[in-house]
Amino acid sequence: MNDTVALITGAARGIGLATATLLHGEGRRVVLLDRDRDALQTAAATLPGALAITCDVSVPQQVSQAVAEVEQTFGRLDILVNNAGVADFGPLEETDFTRWRRVMETNLDGVFLMSQACLSLLSQRGGAIVNIGSISGLRASTLRIAYGTSKAAVIHLTKQQAAELGELGIRANCVCPGPVDTKLALAVHSPEIRAAYHDAMPLNRYGTEREIAEAICFLASERASFITSQVLAADGGFDATGVGLPALRV
Ligand code: NDP
């Protein structure tokens, strides 16, 4: 086990848990943070030595307490993965302010709050932030008025962080996943959406949690020591082709 410490938000399941598992496998000490206490305990039990913190990333006081617990326990933080996210697909007309805020408070406020709270720890040895965006933040689409906008904002927030934090020795990058079968995706991807994704993506399939985690772990690692402000789509090629034009296919 090496001394480095990685904190992953939304780590009770899905892409966050896969990322925590990979970072743990690299010998790092991991902090799993999530608002789902039961699922978090179950997840943390699979990773010996992991610290589990129940916290809602959209609540400033909970975020400060969580980071204070990391400092008391480990005295350092090297990697922050801002992965916690919620999805809500709906047309603009039906997206009332409550729905809009529910998406923004986790997907955007949460990234801002967690990063800010971790700054002092991350700057001690030169840390890395990896934010999780989405292909929905790279391309506009119907029904993503709140979700897509929140993820586009995360992409830009990453660049703001990179611009400002470089002199503190902190790198900031963003991974934009394509579709992955997780609780989040299962809730919003209808059979029609699934079929359309398969059809539109050059690799013709959903990704796995592990495939997204590999991209995150690379950007978080020392192997990416000269990479900051970048946006990496781990999306089976969706960003290059988008909807494509079926009539132009061979
Ligand atoms: P999951 O729903 O499987 O896992 C997300 C975890 O984050 C859940 O345990 C969730 O708890 C938790 N969480 C949500 N909001 C908060 C909060 N405010 N504070 C703390 N924890 C919270 O999702 P994925 O693994 O699929 O998603 C991970 C990230 O990847 C998200 O940012 C998502 O937007 C992004 N992404 C996912 C894609 C996909 O197809 N799966 C595609 C593109 C991007 P709870 O269950 O209570 O909400």
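In listed order, ligands and their atoms are each counted from 1.
- Atoms of ligand 1 found under 4.0 Å from any heavy atom of Asp56 (numbered from 1 in listed order, with element): 17 (C), 18 (N), 19 (N).
- Side chain of Asp235 to main chain of Asp239: a donor-acceptor pair is present (N/O by atom type, distance under 3.5 Å, no hydrogens or angles).
- Residues Asp78 and Gln124 bring no donor and acceptor atom of their side chains to less than 3.5 Å of each other.
- Asn107 places a side-chain N or O within donor-acceptor distance of the main-chain N or O of Val86, the cut-off being under 3.5 Å.
- Judged purely by distance below 3.5 Å, without hydrogens or angles, the side chains of Tyr206 and His189 pair a donor atom with an acceptor atom.
- In the model, Asp109 has no side-chain atom that pairs as donor or acceptor with a side-chain atom of Ser58 under 3.5 Å.
- Summary of contacts: the protein heavy atom closest to atom 23 (O) of ligand 1 is Leu184 CB, 3.3 Å.
- Taking every heavy atom of Pro179 and a limit of under 4.0 angstrom, the matching atoms of ligand 1 come to 40 (O).
- For the residue pair Pro202 and Gly236, the shortest heavy atom distance occurs at CD-O, 3.3 Å.
- With atom 19 (N) of ligand 1 as the reference point, the heavy atom nearest to it among Val103, Val57, Leu17 is part of Val57.
- Protein heavy atom at the shortest distance from atom 26 (O) of ligand 1 is Thr182 OG1, 2.4 Å.
- For a threshold of 3.5 Å applied to N or O pairs, the pair formed by Lys183 and ligand 1 contains at least one separation below that value.
- The pair Lys159-Glu164 fails the salt-bridge criterion, with no side-chain N (NZ, NE, NH1 or NH2) lying under 4.0 Å from an Asp/Glu carboxylate O.
- Residue contacts with ligand 1: Asp36 is placed with no nitrogen or oxygen under 3.5 Å of a nitrogen or oxygen of the ligand (distance criterion only).
- The side chain of Tyr147, and not its backbone, has at least one atom closer than 4.0 Å to an atom of ligand 1 (non-hydrogen atoms only; side chain from C-beta on).
- If you look at Glu209 next to ligand 1, there are no close heavy atoms at all, none under 4.0 Å.
- At distances below 3.5 Å, not a single donor-acceptor pair connects side-chain atoms of Thr228 with backbone N or O atoms of Asn173.
- Of all the listed residues (Ile216, Ile132, Thr106, Asn83), Asn83 holds the heavy atom that lies closest to atom 32 (O) of ligand 1.
- Of the possible polar contacts, one joining the Arg171 side chain to the Leu219 backbone as a donor-acceptor pair under 3.5 Å is found.
- Closest heavy-atom approach to atom 38 (C) of ligand 1 within the set Ala213, Gly110, Gly178, Ala185: this belongs to Gly178.
- Under the 4.0 Å criterion applied to side-chain N and carboxylate O atoms, Arg194 and Asp181 are assigned as salt-bridge partners.
- Residue Val86 has at least one heavy-atom neighbour below 4.0 Å for each of these atoms of ligand 1: 14 (C), 15 (N).
- Proximity of Cys176 to ligand 1 is not established, as no heavy-atom distance is less than 4.0 Å.
- Ranked by closest heavy atom to atom 12 (C) of ligand 1, the top entry among Val154, Val180, Asp34, Ile212 is Asp34.
- Distance alone, capped at 3.5 Å, places no donor-acceptor pair between the Gln72 side chain and the Glu69 backbone.
- Interface atoms of ligand 1 facing Gly14, defined by a heavy-atom separation under 4.0 Å, are 3 (O), 25 (O).
- Below 4.0 Å from some heavy atom of Gly85 lie the following atoms of ligand 1, by number and element: 14 (C), 31 (C), 32 (O).
- If you check which protein heavy atom lies closest to atom 8 (C) of ligand 1, you get Arg13 NH1, 3.3 Å.
- Proximity annotation for atom 43 (C) of ligand 1: of Gly10, Ala39, Pro177, Ala18, Pro177 comes nearest, heavy atoms only.
- Scanning all heavy atoms of the two residues, the minimum distance from Glu26 to Arg223 falls at OE2-NH2, 4.0 Å.
- Residue, atom and distance of the protein heavy atom nearest to atom 48 (O) of ligand 1 are Arg35 NH2, 2.8 Å.
- Where the criterion is an N or O separation shorter than 3.5 Å, residue side chain and backbone included, Ile15 meets it with respect to ligand 1.
- What sits closest to atom 20 (C) of ligand 1 on the protein, heavy atoms only, is Cys55 O, 3.2 Å.
- A donor and an acceptor atom, one from each side chain of Ser115 and Asn82, are located under 3.5 Å apart.
- Under 4.0 angstrom from ligand 1, there are no non-hydrogen atoms of Thr9.
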